[in-house]
Amino acid sequence: MIIRKYRKSDRSQVEHIQFETYFLGKSGSLIATNPKRFHKEIRYYLEKEQESCFVAVNNGKVIGYLLGCLDDENHEESINAFLLKSIFLFFQLPFMNRKDRTFWFGTIKMIFGAILGKSEEKNFIPPKNSGHIHINLLPEARGKSTGTKLLKAFLEYAKSKNVKLIHADSFQTRVNPNKNFWIKNGFKEYIKVKTSMWKTYYPKEDIRLVCYVKKL
Ligand SMILES: CC(C)(COP(=O)(O)OP(=O)(O)OC[C@H]1O[C@@H](n2cnc3c(N)ncnc32)[C@H](O)[C@@H]1OP(=O)(O)O)[C@@H](O)C(=O)NCCC(=O)NCCS
């Protein structure tokens, strides 16, 4: 297994992994049918900040990725952007099949709840002057230090670019227990809020949205 920088030719496999891990580490196909709607969420990294992205490759196949951003301000997910995205999706709802409609309706509800201050998610404000990462591995690649190696490669790179703080936003739940991964790698919990994001699928599960931070 090797860790290397992302290349344009990795894009379809990275998008595949994003969809295959979207649902709390499980396949997005369990909750939706159109992967393209999900791929939009990682477009920024693959098009605007490729040099901050790393992949893990085993026998020539990309098995995991770390998508990085050195400065949140470059990828500002402003309230307006979320609002626009939600309105756009809202008008698409009648044309979606039931599975997709259920997922996207829940997502829109969550975003509106946060924006209108009706849910705890409104308090989810990551630190200022920070970069951030998304990291995901295919299920068969987990638990073999690959995530730790991807993280190390990115953190060395971020340090060389004089980045002082990195955060990672992650769902904390028994269904996908990854808290240890962040703690073992020197991250600390910065904010933790209750989230309604996966309520439709896990009504009884206590799921928290956590922002982990690490000083470089
Ligand atoms: C979380 C994740 C990136 C960790 O990478 P990994 O290569 O599996 O983890 P490592 O092997 O480097 O292990 C480091 C620590 O993470 C924890 N860990 C190990 N396997 C894990 C798994 N399958 N899932 C979650 N955490 C795991 C352990 O505490 C481990 O330390 P230990 O082996 O001394 O107990 C990876 O498991 C994954 O992609 N999970 C699903 C998606 C996800 O949760 N992404 C992160 C949030 S957006």
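Since we're looking at a predicted model, the values are computed, not measured. For this chain, numbers begin at 1 and follow the sequence in order. Every number for a ligand or one of its atoms is a count from 1 in the order of the listing.
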Heavy-atom closest pair (Y190 atom, I125 atom, distance to 0.1 Å) is CE2-O, 3.6 Å
Face-on cation placement of K48 at Y44 ring, 6.0 Å and 45° thresholds: no
Under the side-chain hydrogen bond (donor to acceptor under 3.5 Å, both in side chains) rule, what pairs show up with a residue in residues 158-170, not counting sequence neighbours? D72-H167, N162-K164, H167-D169, S170-N178
With a 4.0 Å heavy-atom cut-off (strictly under), which part of K144 contacts ligand 1: side chain, backbone, both or neither? backbone
Whether over 12 other heavy atoms sit under 6.0 Å from K118 NZ: no
Kindly determine whether Q172 and K192 satisfy side-chain contact (heavy atoms from CB on, under 4.5 Å), including the steps that lead there. CA-CA 9 Å; Q172 202 179 89; K192 179 151 80 170; 3.4 Å; yes
For atom 18 (N) of ligand 1, is there a protein heavy atom at a distance under 4.0 Å? no
Report all side-chain donor-acceptor pairs from residues 30-39 shorter than 3.5 Å, counting only partners two or more places apart or in another chain.
{"unit_1": "T33", "atom_1": "OG1", "unit_2": "N97", "atom_2": "ND2", "d": "3.0"}
{"unit_1": "T33", "atom_1": "OG1", "unit_2": "D100", "atom_2": "OD1", "d": "3.2"}
{"unit_1": "T33", "atom_1": "OG1", "unit_2": "D100", "atom_2": "OD2", "d": "2.6"}
{"unit_1": "N34", "atom_1": "OD1", "unit_2": "K36", "atom_2": "N", "d": "3.0"}
{"unit_1": "H39", "atom_1": "ND1", "unit_2": "Q18", "atom_2": "OE1", "d": "3.0"}
{"unit_1": "H39", "atom_1": "ND1", "unit_2": "P35", "atom_2": "O", "d": "3.4"}

N or O pair under 3.5 Å between G25 and ligand 1: no
Please report the C-alpha distance between Y157 and S52 in whole Å, then the side-chain angles of each, then the deciding distance to 0.1 Å, and finally whether the side chain to side chain donor-acceptor pair (under 3.5 Å) criterion is met. CA-CA 8 Å; Y157 159 77; S52 303; 3.1 Å; yes
Nitrogen or oxygen atoms of D169 and ligand 1 under 3.5 Å apart: no
Distance to 0.1 Å, residue and atom name: give those for the protein heavy atom nearest to atom 8 (O) of ligand 1. G143 N, 2.7 Å
What do you think, any protein heavy atom under 4.0 angstrom from atom 47 (C) of ligand 1? yes
Run the ring-centre check on Y45 versus Y6 and record whether the distance is less than 6.0 Å. no
Can you report which non-hydrogen protein atom sits closest to atom 31 (O) of ligand 1, along with the distance? K184 CD, 3.2 Å
To check your reading of the model: name the closest protein heavy atom to atom 39 (O) of ligand 1, its residue, and the distance in Å. L137 N, 2.8 Å
Given R11, which of Q50, E47, H16 fulfils the side-chain contact (heavy atoms from CB on, under 4.5 Å) condition? E47
Ligand 1 atoms in contact with I135 (distance to a heavy atom under 4.0 Å): 3 (C), 45 (N), 46 (C), 48 (S)
Between W182 and ligand 1, does any nitrogen or oxygen pair lie at a separation below 3.5 Å? no
With backbone taken as N, CA, C and O and side chain as the heavy atoms from C-beta onward, which portion of L24 lies under 4.0 Å from ligand 1: side chain, backbone, both, or neither? neither
Proximal ligand 1 atoms for P177, defined as those under 4.0 Å from one of its heavy atoms: 25 (C), 26 (N)
By the definition side-chain contact (heavy atoms from CB on, under 4.5 Å), identify the one residue from I111, T107, L209, I207 that meets it with M197. T107
Output the list of atoms in ligand 1 that are nearer than 4.0 Å to some heavy atom of S170, sorted by atom number. 47 (C)
Around atom 23 (N) of ligand 1, find the nearest protein heavy atom and jot down its residue, atom name and distance. R142 CB, 3.4 Å
Using a strict 4.0 Å cut-off to heavy atoms of T146, name the atoms of ligand 1 that fall inside it. 7 (O)
Counting only heavy atoms closer than 4.0 Å, does ligand 1 sit against the backbone of T21, its side chain, both, or neither? neither
Please check if atom NZ in K26 has more than 12 non-hydrogen atoms from other residues, nucleotides or ligands closer than 6.0 Å. yes
Enumerate the atoms of ligand 1 whose separation from the nearest heavy atom of N136 is less than 4.0 angstrom. 39 (O), 42 (C), 43 (C), 45 (N)
In the protein, what heavy atom is nearest to atom 28 (C) of ligand 1, and what distance, to one decimal place, separates them? N180 CB, 4.2 Å
Should M110 and L116 be regarded as members of a common hydrophobic cluster, given that ILVMFWY residues are connected when their side-chain heavy atoms come within less than 4.5 Å of each other, either directly or indirectly? yes
Considering non-hydrogen atoms of the protein only, which is the closest contact for atom 15 (C) of ligand 1, and what is the distance? F181 CA, 3.9 Å
Heavy atom of the protein closest to atom 12 (O) of ligand 1 (residue, atom name, distance): T148 OG1, 2.5 Å
Among all the protein's non-hydrogen atoms, which is closest to atom 11 (O) of ligand 1, and how far away is it? S145 N, 2.6 Å
Where does A168 meet ligand 1, judged by heavy-atom distances below 4.0 Å: at the side chain, the backbone, both, or neither? neither
Under the side-chain contact (heavy atoms from CB on, under 4.5 Å) rule, what do F23 and W198 come out as? Steps first, then yes or no, please. CA-CA 9 Å; F23 180 34; W198 306 106; 3.5 Å; yes
